[in-house]
Amino acid sequence: MPSLNAGPPPDVLVIGAGLAGLACARDLRSAGIDARIVEASDGVGGRMRSDRYEGFVVDRGFQVFNTSYPQVRRRLALRELRLRPFTPGVLVHTDHGRLRFGDPTRGPRRLSALPAREVTVRDLLALGVLSARDALAPARVLKRAGERTTWTALAAAGFSDGFVETFFRPFLSGVFLEDELETSSRVFHLVWRSMLRGTLCLPTAGIGAVPALLADALPPGALHTETPVEQLTDGGALLGSGTEIGARAVVVATGPAGVAALLPGVEVPPYRVVTTYYHAAGASPLGEPTLLTDGRRRFLNTCVLSDVVPGYAPAGRSLIATSVLGTDTPGRESRVREALAEAYATGTEGWEPLTVRTVLDALPAMAPPQPLSRTTRVGPGRYVCGDHRATGSVQGALASGARAAREVLRDLGR
Ligand SMILES: Cc1cc2nc3c(=O)[nH]c(=O)nc-3n(C[C@H](O)[C@H](O)[C@H](O)COP(=O)(O)OP(=O)(O)OC[C@H]3O[C@@H](n4cnc5c(N)ncnc54)[C@H](O)[C@@H]3O)c2cc1C
C-alpha cells in the first residue's frame, strides 16, 4: 500500500474509519477528490466491529442491522452481507410469563393472547393508528412534526401506563439505551417507521461486515489503519508518529472522545453506556431468532445470536447476548444470569460467561430539542461528522458523513 505521505498531500484528510468517515471518504472519492482516511485502530468500523473469539463471532456490543434506513439502501449491496433476519416483533418477560408482541402487518399468528390488565383494546387501536401513520406518512412529515419526549408522545397517543410499562419501555430502552423514555419523539417515530418498513437482521459474518463492505469500495492507498491523529495543525493534522500531513480540508469523524481531543471547542452530547454479556451454552434456550426484553428491567434485551446466525457459534454450541445499561460491575454478570434463568425458563448454571463488552460512548443522548442533522463545518477547512451530528444510529452516522462530503465539496468549489 502506498505510504500516506508519499506523493502530493491529499485534498481531504478524513480522521476515523467508522461509518461516518467511510461514507464521507467514499462520496468525496466518487466526486474525484483525493480523500484519504486515517484510522487509529487496526481495522474499520469503529463502534461496529466484530471479533472472532474462541470460535464465536462477538460483536463489540450487541446491535442489530436495519435494512430500511435510506442511507443503507443507497450505499450497500445488501445481498453481499448474507443477512439473517430476526423474527418480527419481540418477546417480553413479565411477572405473568412471556408475552409475544408480533408485528400484525406481518401475520396475525404472531400476536399472543395478551393480559387485559396490561393491554387494553384501546392500546391495540392506538398501536394500529401510530404504526399506520409512522409507516405510511412521508418521512418529511415525521421530521417536521412537533417534538416532545417519547413518554409524552406515547401518553398523548392514548396508550395506557400498563402497555407503556409492559411493551414500550422495555423495548425502547434497548433501542435508545435509556429507560426514562426521554428520547425525542421525532427520533422515536422515525426509528419506529424504519422498523415497520424494514427487517431487523444480522450479517452472517457479524455486524462488522457492514463497514467492511463500505471500505472494500475504497481504492488502494485511501485507507490507513493504525494511524492515530494526535492533533490538528494549521494546514492538516499531526500523526501519532510525529509526521504532519497537509490537506486542504480535514474531516474529524472520530466519535465523541476524538472530537473532544482534536476539536475541544466543539460540543458533543452526553453518551449512553451499554454492556453486553456473551454466554455460551450447550443448547439454545429459546430455539427461535427473537429478541426478548425484560418487563422487570433487569436487562435491556437478550437473544440467542446463534438462532439468528448459526455461524455465530461453533457447531453444538449456542451464543447468547444480553445487554444492560451502564458498565460491568462486580457481581453483575451473575445477577444477569439469574434474570436470564427466569426469562428463558431454564437453568443457566452451566452457561459459560464467554466475554463482556462495555461501550462507554455507544449512543448519543437524544432528548428534545434534538436536531436531526447539523452542519459539519466548524471552521475554515475543518469539518466534523458522526452520529452525534445527526441521530445515534447507522442512518445518522452515514448521513452525517454524506453531509460532510457535500459541505467539503461546496467549499472546495466542486
Ligand atoms: C452496542 C451498540 C449498539 C448499537 N445498536 C445500534 C442499532 O441497533 N442500530 C443502529 O442504527 N445503531 C446502533 N448503534 C449505533 C451505531 O453503531 C453508531 O451510531 C455508529 O456506528 C457510529 O459511527 P461513527 O462513524 O459516527 O463513529 P465511530 O463508529 O465511533 O467511529 C469513529 C472512528 O474514529 C476512530 N478514531 C478515534 N479517534 C481517532 C484519532 N485520533 N485518529 C484516528 N482515528 C480515530 C475510531 O477508532 C473509530 O474507528 C449501536 C452502537 C453500539 C456501540
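What you see below is based on every heavy atom in this structure, not just the backbone, and it leaves out hydrogens, waters and symmetry mates.
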Can any side-chain N or O of Thr391 pair as donor or acceptor with the backbone N or O of Ser393 at less than 3.5 Å?
no

Glu39 and Val44: CA distance, side-chain angles, deciding distance, side chain to side chain contact (heavy atoms under 4.5 Å, CB included) verdict
CA-CA 7 Å; Glu39 162 59 44; Val44 302; 5.7 Å; no

Ser160 (side chain) donor-acceptor with Phe163 (main chain) under 3.5 angstrom
yes

With a 4.0 Å cut-off, would you call Asp51 and Arg357 a salt bridge?
yes

Answer yes or no: is there a donor N or O on one side and an acceptor on the other, between the side chain of Gln71 and the main chain of Val394, under 3.5 Å?
no

Electrostatic pair Arg100:Glu288 at N-O distance under 4.0 angstrom:
yes

Below 4.5 Å, heavy atoms only, C-beta onward: do Leu172 and Thr183 meet side chain to side chain?
no

Rounded to the nearest 0.5 Å, what's the gap from CZ on Phe86 to CG on Leu200? Could you check?
7.5 Å

What pair of heavy atoms forms the shortest contact from Ser50 to Gly208, and how long is it?
OG-N, 2.8 Å

Is there a side chain to side chain contact (heavy atoms under 4.5 Å, CB included) between Asp11 and Leu28? Walk through the geometry before answering.
CA-CA 10 Å; Asp11 296 317; Leu28 291 169; over 6 Å; no

Salt bridge present between Arg296 and Asp95 (N-O < 4.0 angstrom)
yes

To the nearest 0.5 Å, atom CD of Glu349 lies from atom CD of Glu338 at 10.0 Å

Starting from the C-alpha separation in whole Å, work towards a yes-or-no answer on side-chain hydrogen bond (donor to acceptor under 3.5 Å, both in side chains) for Thr120 and Asp123.
CA-CA 5 Å; Thr120 64; Asp123 288 317; 2.9 Å; yes

Between Phe176 and Phe188, which heavy-atom pair has the shortest distance, and what is it?
CZ-CA, 3.8 Å

Please check if the side chain of Thr293 supplies one atom and the backbone of Val92 the other of a donor-acceptor pair under 3.5 Å.
no

Quick check for you: to the nearest 0.5 Å, what is the distance between His189 atom NE2 and Ser131 atom OG?
10.5 Å

Measure from the side-chain N and O atoms of Thr87 to the backbone N and O of Pro289, and report whether any donor-acceptor pair falls under 3.5 Å.
yes

Ser334 side chain to Gly331 main-chain N or O, any donor-acceptor pair under 3.5 Å?
yes

side-chain hydrogen bond (donor to acceptor under 3.5 Å, both in side chains) between Arg297 and Ser173, intermediate numbers included
CA-CA 9 Å; Arg297 294 161 68 186; Ser173 300; 5.5 Å; no

Where is the tightest heavy-atom contact between Leu363 and Gly392, given as atom of each residue plus distance?
CD2-O, 3.1 Å

Inter-residue atom distance Leu91.CG - Phe171.CZ, 0.5 Å rounding:
12.0 Å

Between Val191 and Asn66, is there a side-chain heavy-atom distance shorter than 4.5 Å?
no

By side-chain contact (heavy atoms from CB on, under 4.5 Å), which residues pair with Leu305, not counting sequence neighbours?
Phe62, Leu202, Tyr278, Cys303, Tyr312, Leu319, Ala321

Main-chain N/O of Lys143 paired to Arg186 side chain as donor or acceptor, under 3.5 Å
yes

Nearest heavy-atom neighbours spanning Leu177 and Ala362:
CD1-CB, 3.6 Å

Hey, is the main chain of Asp134 close enough, under 3.5 Å, to the side chain of Arg193 for a donor-acceptor pair?
yes

Sidechain-backbone polar pair: Asp27 side chain, Ala405 backbone, donor-acceptor under 3.5 Å:
no

Quick one: closest heavy-atom pair of Ala390 and Gln370, and the distance?
O-NE2, 3.0 Å

Distance col, row Arg403:CZ vs Cys385:SG, nearest 0.5 angstrom, shows 11.5 Å

Stepwise side-chain hydrogen bond (donor to acceptor under 3.5 Å, both in side chains) check, Thr276 with Ser323
CA-CA 4 Å; Thr276 304; Ser323 294; 3.0 Å; yes

Give a yes or no answer on whether the side chain of Glu178 reaches the backbone of Leu181 with a donor-acceptor pair at less than 3.5 Å.
yes

Can you see which heavy atom on Ser41 is nearest to which on Thr225, and at what distance?
O-CB, 3.4 Å

Atom CG in Leu213, atom CG in Leu81: separation rounded to 0.5 Å?
5.0 Å

Any ion pair linking Glu182 and Arg272 (charged N to carboxylate O, less than 4.0 Å)?
yes

Check ring pair (Phe, Tyr, Trp, His ring centres under 6.0 Å) between Trp151 and all other residues, then give those that pass, not counting sequence neighbours.
none

Return yes when atom CZ of Arg122 has more than 12 non-hydrogen atoms of other residues, nucleotides or ligands closer than 6.0 Å, and no otherwise.
no

Walk me through it: do Thr302 and Thr322 pass the test side-chain hydrogen bond (donor to acceptor under 3.5 Å, both in side chains)?
CA-CA 4 Å; Thr302 181; Thr322 307; 2.9 Å; yes

